[in-house]
Amino acid sequence: MLLAALEGLGEQVRNLSLPLQVADLDAASGLRREIADQLDDYLLPRLRRPDAPMLAVVGGPTGAGKSTLVNSLVGQPVSAAGVLRPTTRSAVLAYHPLSAAWFESRRILPGLGRTTGASTDPANLQLVVTSNLPAGIAILDAPDIDSVVIANRELATQLLAAADMWMFVTTAARYADAVPWEFLRDAVTRGTAVAIVLDRVAPDAVDEVRAHLATMLTEQRLGGAPLFVVPETTPVDSMLPPGTVDVIHQWLLGLASDPAVRATVVHHTLNGALRALTARVVLLAAASDGQSEAAARLRREVDQAYDDALARVDDASADGSLLRGEVLARWQEFVGTGEMMRALESKVGRLRDRVTAAGSRKSQPGDELAEALESGVEALVRAAADKAAERVGAAWRDDPAGSALLGDGDLQGSSPDLGEATRQAVREWQDGVLELVRRQGQGKRATARYLAFGVNGLGLLVMIHVFTQPGGSATGEAAGTGGAVALSNKILGAALGDQAVRSLAASARADLHRRVAYLLDGERRRFLALLDAVAISEDAGSALRSAVQDVEDTR
Ligand SMILES: Nc1nc2c(ncn2[C@@H]2O[C@H](COP(=O)(O)OP(=O)(O)OP(=O)(O)O)[C@@H](O)[C@H]2O)c(=O)[nH]1
Ligand SMILES: [Mg+2]
């Protein structure tokens, strides 16, 4: 059923979020508001009550005499007319007492407050009950569409969208002004029924002006609109002299009293509104797609940067480049000064006791090397994370959507606690390697040599092995550690067996990869959280399209 389909569409339009700063965001937000207004102010109330009184909205340029005309048609001064431009600031709605329930409820123009006194607040709708109007029709005096007061124009636009019929009032002096014609063209596009009132025409110019305006109307596809000419007179008590607007009055009475005629007018406007709605929703759906595309683009930048960062850490921790500087010096110390031999000989050697306080324990052979490895990996991860953050930052700043998401936020480098988290992760990894070596030792390959070398010494050798894969000794040589690497590999092989060494190194490498991936994921999530916070629904665009298809199908 059409009403249900439109209600479903309205729900989606209202819930649509357009949070990303893309190029056409303002236009899209405006579109969403217009669609929602059109649904709430016209389509939904009209479809819920097809028999509700017809609403004629009187609109046009400031000073054209709209309020004076409304007063004259109602037969009593319901809306103040004035010499100051613009005069009318809040809409005045005159209707028959029998229509009270319809207009006093929020079923139509739900966004406007109701007042029975005079008001200059555009957020208010002034209600005037009068038995001078027939029950089938209500007249709304709107603010102007062309004065310097922007709020007037916005309200007039909203009111016109709520109209079953627009009575466009212009004068002999103003009928060729540009702004009103834009509104008229819009009404044609939207399919609103329009009647034209040419006001204040000097009696001797009536024929000439009427003919000219009629030509213009025909050119703008408004040739079929009723055209009324009101001769210039002098208003008394904000109303034109009796009899001046009789023709218009009769025409309105005719519309009001004949349900079939009224239904034709309403139907015309309703169909036009539905057609215009469909076109607008399709545009809005495209704007919504633009949001998901922007989000996907930003997400891709983040994923690429951090995937690359992980790959870089993987490469650098396997190709021997870690065995430089501090690590290399500690390594040479460990091997060269006999520390390794001591470690290898120490049966109860413990690499480092993570549990007892650092100061309370004796330093163990290899401690410094283990710590240098810790720093080395920390520097590696931090550099990669810094670079990824920089890369994402630059790409996002280049993109208005990303730039707005970043705001003044400080995501310029890696997070401040990444260093400590990495050291912690490396320490846990080292513990894990020792545990692997220990378990390996408990297997059937446990040899006297294994027992002689000790878990800690072998553990360190495994770590060095991990950091020199796949380049192996060749890379080691490049780093000046070829002999030492070859020696340690020989010892490892002798103690654990080549096969076991390979599988130990593979497990250790996989474990390190997993831990680094976890750390970098934390870094990546800082950016993704910004995206997640704006909650973009990927399929909002297609949902809108299918909702509008439902509307089409039920028409
Ligand atoms: N002489 C003469 N004055 C008129 C006529 N119609 C309106 N006026 C005067 O023109 C001025 C503007 O009339 P309004 O009815 O307030 O015009 P409006 O279109 O409602 O103007 P806004 O509310 O500003 O948009 C008032 O001073 C009216 O008295 C007319 O037919 N003849
Ligand atoms: Mg007015």
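Whatever order the structure lists them in is the order used to number ligands and atoms, beginning at 1.
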Quick one: closest heavy-atom pair of [X] and [Y], and the distance?
X	Y	answer
Leu93	Ala138	CD1-CB, 4.1 Å
Arg46	Pro53	NH2-O, 3.0 Å
Thr170	Ala64	CA-CB, 4.2 Å
Asp237	Pro77	O-CB, 4.0 Å

Angle at the Mg ion (ligand 2): provide the value between OG of Ser67 and OG1 of Thr88, rounding to 10 degrees.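 For OG of Ser67 and OG1 of Thr88, the angle centred on the Mg ion (ligand 2) reads 90°.
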
Does only the side chain of Pro86 get under 4.0 Å from ligand 1, or the backbone, or both, or neither? Count heavy atoms.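 For Pro86, backbone and side-chain atoms both sit under 4.0 Å from ligand 1.
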
Classify the contact between Asp141 and ligand 1 as side chain, backbone, both or neither, using a heavy-atom distance cut-off of under 4.0 Å.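 For Asp141, there is no contact with ligand 1 at all, from either part.
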
Hey, can you tell me if Tyr306 and Phe527 have their rings parallel, tilted or perpendicular (30° and 60° cut-offs)?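 Judged by the thresholds at 30° and 60°, the geometry between Tyr306 and Phe527 is tilted.
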
Which word best sums up how the rings of Tyr95 and Phe103 line up, parallel for under 30°, tilted for 30 to 60°, or perpendicular for over 60°?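 Taking Phe103 first and then Tyr95, their aromatic rings sit tilted (interplane angle of 30° to 60°).
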
Element-labelled atoms of ligand 1 that are located less than 4.0 Å from some non-hydrogen atom of [X]:
X	value
Leu240	30 (C), 31 (O)
Ala64	19 (O)
Ala81	14 (P), 15 (O), 16 (O)

Who gets closest to atom 28 (C) of ligand 1 by heavy atom: Thr68, Val58, Val83?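 Shortest heavy-atom distance from atom 28 (C) of ligand 1: Thr68.
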
Best match, Arg200, Arg89, Lys66, Met239: closest heavy atom to atom 31 (O) of ligand 1: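 Ranked by closest heavy atom to atom 31 (O) of ligand 1, first place is Arg200.
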
Could you identify the single nearest non-hydrogen protein atom to [atom] and state the distance to 0.1 Å?
atom	answer
atom 21 (O) of ligand 1	Gly63 N, 2.9 Å
atom 27 (O) of ligand 1	Gly82 O, 3.2 Å
atom 1 (N) of ligand 1	Glu232 OE2, 2.9 Å
atom 32 (N) of ligand 1	Thr233 O, 2.7 Å
atom 29 (O) of ligand 1	Pro235 CG, 3.9 Å

Which residue is it: Asp37, Asp41, Asp40? I am looking for the one with a side chain to side chain contact (heavy atoms under 4.5 Å, CB included) to Leu109.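 Only match with Leu109 under side chain to side chain contact (heavy atoms under 4.5 Å, CB included): Asp41.
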
Any N or O on Thr87 sitting closer than 3.5 Å to an N or O of ligand 1?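 Yes, since at least one N or O of Thr87 sits under 3.5 Å from an N or O of ligand 1.
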
So is Gly65 polar-close to ligand 1, meaning N/O to N/O under 3.5 Å?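 Yes; at least one N/O pair falls below 3.5 Å.
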
When you check the side-chain N and O atoms of Gln126 and Ser90, is any donor under 3.5 Å from an acceptor?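 Looking only at side-chain atoms, Ser90 and Gln126 do form a donor-acceptor pair, the distance falling under 3.5 Å.
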
Side-chain donor-acceptor pair present, Asp141, Ser67, cut-off under 3.5 Å: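 Note: Asp141 and Ser67 side chains meet the donor-acceptor criterion.
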
How far does CG of Leu155 sit from CG of Asn124, to the nearest 0.5 angstrom?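 Those atoms lie 10.5 Å apart.
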
